[in-house]
Amino acid sequence: MADRSTETLTGSPGPTERTVRLPSGEVCNVPSGWELLPPGDAGVTRRVKAAGPTWSVKEKKGRREFSQGLWADAKQIADAKASMEATRSTAGYAKKQAAAKKRREEKQGEYVEDFFQAVCEFLKFAPEYSAVAKHLAKAVTEHATPVGSGTVARTERIPIERRAESAVIAWMRHQTTAYDNMKIERVKGRRREVRRELAAKSRELLQKYRSGEENAMVGCPLAKALRG
């Protein structure tokens with residue numbers, strides 16, 4: 001087996017604890033004296049990578065890829081942690097972090113407002129149901145916009161208008177249908193098909209409010225969900 005201790009590599013977890021599987025399929029033993037730095041501290045990870053060499057371990061689950069940590073020389077990791085701790089103990093760093101936190105909070109606040117408006121624009125309920133629209137938009141926004149929620153509202157790959165629409169349909173799927181308790185056959189594409197069917201029903205329900213249909217709230221699962 002080739003000595004790759006001087007190379008910077010990226011792979012997936014190997015068959016045993018101290019092994020890494022490369023994209024080529026080759027399984028490499030982690031060099032003696034190396035430790036696994038868990039994910040979670042970007043500052044330390046950056047410094048360890050800068051010192052190099054390192055082996056990044058990533059695991060794919062569905063369509064998403066998750067970091068499982070970074071293998072590197074134990075002293076390299078210890079030095080990076082000590083260096084980062086020293087940096088974080090300074091007044092200048094604390095001030096910088098406080099300013100960055102404030103900027104993030106302001107940006108998040110602006111996004112929440114923009115998303116709420118986008119949801120309202122998608123709903124376009126008749127005037128007599130404007131209060132219902134605002135109530136629904138608030139519920140969807142509170143669920144979908146928190147940082148780290150992993151919802152469609154947090155992706156920047158699609159326009160905010162489409163994010164708002166998808167968030168409403170997703171919220172209704174869980175709040176106004178029996179989706180969460182459904183026993184769906186384990187057949188490829190069946191869950192997607194069920195979601196499409198439920199989305200169509202949700203759009204029909206929304207149309208009642210858009211058209212101003214009289215007594216739309218009577219026996220309505222949406223009205224019940226909002227009251228709850």
Side-chain angles (χ1 to χ4, degrees), residues 11-17 21 23 25 38-40 57-69 108 111-112 115-126 129 131-228:
S12 58
T16 56
E17 186 178 356
R21 189 184 301 277
V57 183
K58 298 181 179 181
E59 188 170 16
K60 195 168 185 179
K61 296 181 180 179
R63 290 181 292 179
R64 300 182 67 184
E65 197 172 52
F66 298 88
S67 172
Q68 299 300 310
Q108 170 65 2
Y111 180 63
V112 169
F115 192 83
F116 175 83
Q117 290 302 322
V119 171
C120 288
E121 289 172 13
F122 165 69
L123 295 176
K124 289 184 179 178
F125 284 1
Y129 293 119
V132 179
K134 289 180 180 179
H135 192 173
L136 175 55
K138 184 174 184 293
V140 172
T141 299
E142 288 179 349
H143 169 76
T145 57
V147 176
S149 62
T151 66
V152 68
R154 299 308 314 181
T155 180
E156 297 182 356
R157 292 177 295 177
I158 58 176
I160 191 171
E161 295 80 11
R162 284 181 56 197
R163 290 178 233 165
E165 177 180 356
S166 297
V168 170
I169 298 302
W171 186 92
M172 292 182 68
R173 180 172 64 246
H174 293 289
Q175 300 296 327
T176 69
T177 77
Y179 177 77
D180 290 340
N181 297 315
M182 282 184 177
K183 292 184 178 179
I184 302 173
E185 307 96 302
R186 292 181 175 274
V187 178
K188 186 176 181 180
R190 178 53 182 158
R191 184 168 294 275
R192 190 178 299 110
E193 182 182 348
V194 169
R195 287 189 175 192
R196 281 199 297 266
E197 292 170 356
L198 295 178
K201 291 181 179 180
S202 293
R203 294 177 193 280
E204 290 176 6
L205 192 158
L206 292 175
Q207 188 55 39
K208 295 180 180 181
Y209 290 87
R210 288 175 178 145
S211 63
E213 183 176 311
E214 190 176 357
N215 298 322
M217 297 183 70
V218 177
C220 173
L222 174 57
K224 182 180 178 180
L226 292 175
R227 284 195 297 269

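Please read these numbers as outputs of a predicted model, since none were measured by experiment.
- We find the NE2-CG distance between His135 and Leu226 to be 5.0 Å, quoted to the nearest 0.5 Å.
- With Arg191 contributing its side chain and Ile184 its backbone, the two residues share no donor-acceptor pair below 3.5 Å.
- Panel note: side chain Thr145, backbone Thr141; a donor-acceptor pair is recorded below 3.5 Å.
- Between Arg190 and Glu185 there is a salt bridge, with a side-chain nitrogen of the basic residue lying less than 4.0 Å from a carboxylate oxygen of the acidic one.
- For the atom pair OG1 of Thr176 and CG of Leu222, the computed distance is 6.5 Å after rounding to the nearest 0.5 Å.
- Applying side chain to side chain contact (heavy atoms under 4.5 Å, CB included) to Ser166 and the options Thr155, Thr151, Val152 leaves one that passes, Val152.
- Side-chain atoms of Tyr129 never come within 3.5 Å of backbone atoms of Ser211 as a donor-acceptor pair (strictly under, hydrogens ignored).
- Atom CZ of residue Phe116 and atom CD of residue Glu121 lie 11.0 Å apart, to the nearest 0.5 angstrom.
- A cation-pi arrangement, defined by a distance under 6.0 Å to the six-membered ring centre and an angle within 45 degrees of its axis, is absent between Arg203 and Phe122.
- Between the CD atom in Glu213 and the CG atom in Leu205 there is a gap of 9.5 Å [rounded to 0.5 Å].
- A salt bridge does not link Lys201 to Glu197: none of the charged nitrogens lies less than 4.0 Å from a carboxylate oxygen.
- For the atom pair NZ of Lys58 and CZ of Phe66, the computed distance is 12.5 Å after rounding to the nearest 0.5 Å.
- Side-chain atoms of Arg195 and Tyr179 include a donor-acceptor pair closer than 3.5 Å.
- Between Ser12 and Lys60 the shortest side-chain heavy-atom distance does not fall below 4.5 Å.
- In terms of heavy-atom proximity, Ala144 sits nearest to Ala153 at O-CB, 3.3 Å.
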Derivation and outcome, side-chain contact (heavy atoms from CB on, under 4.5 Å), residues Met172 and Thr177: CA-CA 7 Å; Met172 292 182 68; Thr177 77; 5.9 Å; no
CA sep, side-chain torsions, deciding dist, call: Tyr111, Arg154, side-chain hydrogen bond (donor to acceptor under 3.5 Å, both in side chains): CA-CA 10 Å; Tyr111 180 63; Arg154 299 308 314 181; 5.5 Å; no
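- The nearest pair of heavy atoms linking Pro15 to Arg21 is CD-NH2, 3.7 Å.
- The two residues Ala216 and Tyr209 make their nearest non-hydrogen contact at O-OH, 3.6 Å.
- The nearest pair of heavy atoms linking Asp180 to His174 is OD1-ND1, 2.6 Å.
- By the 4.5 Å heavy-atom criterion applied to side chains, Val132 and Leu123 are not counted as neighbours.
- Here Glu165 does not pair with Lys124 in a salt bridge; the nearest charged N to carboxylate O distance is not below 4.0 Å.
- With sequence neighbours left out, Glu161 forms a side chain to side chain contact (heavy atoms under 4.5 Å, CB included) with Pro159.
- Summarising the geometry, atom CD belonging to Gln175 is positioned 11.0 Å from atom OG belonging to Ser202; distances are rounded to the nearest 0.5 Å.
- Qualifying side-chain hydrogen bond (donor to acceptor under 3.5 Å, both in side chains) partners for Arg64, counting only residues two or more places apart in sequence or in other chains: none.
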